[in-house]
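So you know, we letter chains A, B, ... as the sequences are listed, proteins then strands, and number each from 1. Keep in mind that this is a model prediction, so the values were computed, not measured.
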Number of protein chains: 2
Amino acid sequence: MTNRDDLDELDRTVISMLTEDGRLSASEIAGRIGNVSERTVRNRIAALLQNRHIVIGAIPDPTAIGRDVQAELLIEVEPGKADEVAAELGEYDEVGYLAAITGRYTLAASVFFDTNAELFEFTEGTVGKIPGVNRVVTNMILRMYKIYGTRTTALSQREPQPNGAGRRARRAK
Amino acid sequence: MTNRDDLDELDRTVISMLTEDGRLSASEIAGRIGNVSERTVRNRIAALLQNRHIVIGAIPDPTAIGRDVQAELLIEVEPGKADEVAAELGEYDEVGYLAAITGRYTLAASVFFDTNAELFEFTEGTVGKIPGVNRVVTNMILRMYKIYGTRTTALSQREPQPNGAGRRARRAK
DNA sequence: TGAACTGGTTTCCGAAACGGCAATTCAAAT
DNA sequence: ATTTGAATTGCCGTTTCGGAAACCAGTTCA
């Protein structure tokens, strides 16, 4: 299982660096920190991933990839069935965020679709029919500012990364 | 600026693979796809990053790193000031998610803190005092199931990644 | 029609990073 | 002080990366 509270200073430093840029090399990280061998950093990263303290992944800007229909769902679930319903919802990769909360509703979720029809089908046809779901409130997301700690285009109108090229593709294979 | 709708099939495929594992090598990706040179994949990735279509980063499991106090904020903002307030809130890295929504409230946010005191200080001292903010509703997050498309420990009780070591650190440097 | 152009793709290459292994060092326990 | 389990480190062959130049369409313009 995942242990908490067993992260030391080094782990936290590594995590915060990787949060900024998940593709940083171990040697780069070690270099910035100092007094740590590049090999150790590599070990730590491997362990962090292995224990699922972190996950390294690409976070697409939803609108940039065509998922233009975004919504926040508030779901009222019959008492005692939250975990169950959540497990079911978690299976859909259109669900980007899902949590149990206090207050009027039981679950809060962020969902991304290509079309309104798909969203409707999801709320009505899928969520609404899960046993234990008593109510589903849908609030459309008008603008996404930040998504998992990462600013989206709505907020990041700053300079592009000082990275590689900036060409765009036209022909696919 | 960030262009949308200029992603072709290859881009989407690459993105979906990187979403699963942000550390996949270009050659690995190219290999799985076929008919594409490893170099091209590398070019595409560079472009995707450069245009901010995607961001690759480590996504820490909040509870795993000690951010045990998580909450959903619903914020009512004076008409016309949503962007402004959002820009301000987006600066805080305790804010992991932020979006403008339809419905009773203007903004929805997910925030992570180490202690209740910090959360309180944030809602009362920070958010509450931003000009244009009329109301702040705080719902505690009792359980996080999924965070940016990635299942958290609450849902991911499956096998660890077939990765490197599983040792744990004890001594920091 | 064909030459110049443009922009992505591909190849090539040296430098850097990675993964596995074994030796080493450290800290806690006896 | 000795033992012991675990993390750190160095080493090495393999893989991956970054840069530059050649390559190849499709497009524009004479």
Polar-atom pairs under 3.5 Å, protein N or O versus N or O of nucleotides 11-18 of chain D: list them with distances, or write none.
{"from": "D:dT16", "atom 1": "OP1", "to": "B:Ser25", "atom 2": "OG", "distance (Å)": "3.2"}
{"from": "D:dT16", "atom 1": "OP1", "to": "B:Ser27", "atom 2": "OG", "distance (Å)": "3.1"}
{"from": "D:dT16", "atom 1": "OP2", "to": "B:Ser27", "atom 2": "OG", "distance (Å)": "3.1"}
{"from": "D:dT16", "atom 1": "O5'", "to": "B:Ser27", "atom 2": "OG", "distance (Å)": "3.3"}
{"from": "D:dC17", "atom 1": "OP2", "to": "B:Ala26", "atom 2": "N", "distance (Å)": "3.3"}
{"from": "D:dG18", "atom 1": "N7", "to": "B:Arg42", "atom 2": "NH1", "distance (Å)": "2.3"}

Hey, does the side chain of A:Thr40 come within less than 4.0 Å of D:dT8's phosphate (OP1/OP2), counting only N and O? no
Spacing of A:Asn35 atom CG relative to C:dT25 atom P, expressed in whole Å: 18 Å
Set of salt bridge (Lys or Arg N to Asp or Glu O under 4.0 Å) partners for A:Glu121, sequence neighbours left out: none
Length of the CG-P vector between A:Leu7 and D:dA7, whole Å: 13 Å
Does the separation of the ring centres of B:Tyr97 and A:Tyr145 fall below 6.0 angstrom? no
Between atom CD1 in B:Ile33 and atom C1' in C:dT10, what is the gap in whole Å? 16 Å
Inspect the contact between B:Lys81 and B:Glu84 and indicate whether a charged nitrogen and a carboxylate oxygen are less than 4.0 angstrom apart. no
What's the CG-C1' distance between B:Asp11 and C:dT9, to the nearest Å? 14 Å
Value in whole Å for how far the P atom of D:dA6 lies from CZ of A:Arg44: 15 Å
A:Asn43 CG - C:dA22 P separation (whole Å): 15 Å
Separation of D:dA7 atom C1' from A:Leu48 atom CG, nearest Å, is 14 Å
With a 4.5 Å limit on heavy-atom distance, are the side chains of B:Val77 and B:Asn134 in contact? no
Should B:Glu9 and B:Arg12 count as an ion pair when the cut-off is N to O under 4.0 Å? no
Please determine whether a side-chain nitrogen of the Lys or Arg among A:Arg67 and A:Asp61 lies less than 4.0 Å from a carboxylate oxygen of the Asp or Glu. no
Specify the separation, in whole Å, of atom CG of A:Leu10 and atom P of C:dC26. 17 Å
